[in-house]
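Written out below as structure tokens is the structure these notes cover.
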Amino acid sequence: MKTEPILYSLTPYDPAGHRFRIEMRIARPDPEGQELRLPAWIPGSYLIRDFSRQIETINARCSGKAVAITKTGNHSWRCAPCKGTLHVEYIVYAWDLSVRGAHFDETHAFFNGTSVFLCPTGLETSRCLLHLHPPAHARNWKVYTSLPVATGRSAAARRHGFGLYEAPDYDALIDHPVEMGTPQVARFTACGAEHELVFTGVLPNLDLKRITADVKKICESQIALFEPSTLRAPFLDSADRYVFMTMVVGDGYGGLEHRSSTALMASRRDLPTIGRSEAGEAYQNFLGLVSHEYFHTWNVKRIKPAAFAPYDLSRENHTRLLWVFEGFTSYYDDLMLLRSGVIDQKTYLARLAKTISAVHRGPGRFKQSTADSSFDAWTRFYKQDENSPNALVSYYAKGSLIAAGLDMLIRRESQGQKSLDDVMRLMWTRYGRDFYQGGGAGIAEDAMPGLVQEATGVDASDFIARHTEGVEDVPLESLLASQGISLSWKPVSDAPTLDVRTRVVQNEVQLATVYEGGAGHEAGLSAGDVLVAVDGLRVTRDTNLEQILASYQAGQTVTLHVFRRDELRKFDALLRPSAPTECVLSVE
Ligand SMILES: [Zn+2]
């Protein structure tokens, strides 16, 4: 039976008030009363976000007459029974400047489908049509999205135009975010496939040429990794191009992956301007982000854990495998910068050393495994607080070290014949390549050791058990040595330490984290304390705290004055030598 498509129509109508109007037409609603739902979360960001709270008003009509619509849960509504076509109209407040939400003012509009499109229960697999309308004040705006235009229909959008777009089902509809406005745009092809770079925000003299050249190399290297013989880009199963949409702000960093595009947030100072030749660390971080989100086009958007195939958008979807989907992606993001020649080996090793140092700084890595951290992403990793370094491990950072370790283990055990690349290619051909074309299967929670064995002949089950279900550190020293790289540790500072992390808030030095078992913890200090003085000398900045401590030696006791809330407290702290937690990597 051929069902009628669900028609959505979206108009950004109130730029000052940041409001979208959405109209929805369902030709054959559930005769018992149509249920409508908005996702509780957005895939890729594992936190219940309650997007439904931004729906200001909603009403429904059946063949022209008003029908009752009733809230039935946090994210769901039910319309009274309707014989004929059901029309639903609602207003969404769009003022969340993040890659996860929707944002609209007189300069641009951006949205994720998860914020704006209600899903009619029972009609999830129906074809969706989306009619995009320009705001009245800016008819000259253009549309940037990987969502395909609705070819062959009278109101079909032209490339970058307003009008009709289409998606094969609801899952696809919400996986193509849309940017509208007058951004700076560059285009390139990688392995014959079209890519677009879209930058929104004020950006004088942006060096688009340089960014385009670098991103092209990264994309080509990744396509060659997964499809060495066909060089076929993965997103061609759902779009005619890949779109990088970047919102540039004064201070921001982040990204969210989609099947044929990514939404990024970057700081203006991180992007190169024309005439500046140095490739600073900040720009490398931006390219690392681009590389990370692009790698997700394979790893998590098509190769998925069974728990995400399909997503249940009404509640948390638990998997113990985010160390694969975020960790492996974090390992390959920088590695692909190296392989594509965007950074050199020295820079790569410095970036890897930084990750190793960050993981080894957190005592929480001995309390929580990366598999547990994956499962608890919803309630712990995404809800971090001052104690998180003592209690959690990052499935991103430690997951990337697990990937690095596994890669080196496979190379060592196979005498250099196999690598983690072979595992990625097996996962791709078995689960990913046809995921949106009749596949749809995900990776079982316990499948990784078997996949590694099958792809490489190496038995890594003990390694995987120790470092993902167990909390052991990855033995990087010996593994790196097998690749000709030496690892050593040095203290972060010559000065003795309180083992705390500080931040400056309104010219006051506040303790952000007190590391468990460190000098500050033993002395009785707490996160949130405002450090006033060390032995009577005023503390005003992080740097002057380090200067003050530099005139002491480990083993000496200092008197600290802090404000806890509005009460002055006094603590005596026995200073310790700065621990050797900074990793240094060098080629032997
Ligand atoms: Zn990621």
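Heavy atoms only: backbone and side chains are in, while hydrogens, waters and symmetry mates are out. Just so you know, ligand 1 is whichever comes first in the structure, and atom 1 is the first atom listed for that ligand.
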Atom name of the N, O or S atom in H296 that lies nearest to the Zn ion (ligand 1):
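Of all N, O or S atoms in H296, the Zn ion (ligand 1) lies closest to NE2.
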For the Zn ion (ligand 1), find the closest N/O/S atom on E326 and give its atom name.
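Sorting the N, O and S atoms of E326 by distance to the Zn ion (ligand 1) puts OE1 first.
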Has E257 got an N, O or S atom lying less than 2.8 Å from the Zn ion (ligand 1)?
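No.
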Less than 4.0 Å between a side-chain N and a carboxylate O, is that true for R433 and E227?
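Salt bridge between E227 and R433, a charged N being under 4.0 Å from a carboxylate O: yes.
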Side-chain ion pair, R430 and E454, N-O less than 4.0 Å:
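Here R430 pairs with E454 in a salt bridge, since their nearest N and O are under 4.0 Å apart.
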Relative to the ring of F308, is the ring of W41 parallel (under 30°), tilted (30 to 60°) or perpendicular (over 60°)?
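It falls in the tilted class, 30° to 60°.
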With a 6.0 Å cut-off on ring centres, are F328 and Y331 close enough?
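When the ring centroids of F328 and Y331 are compared, they turn out to be at least 6.0 Å apart.
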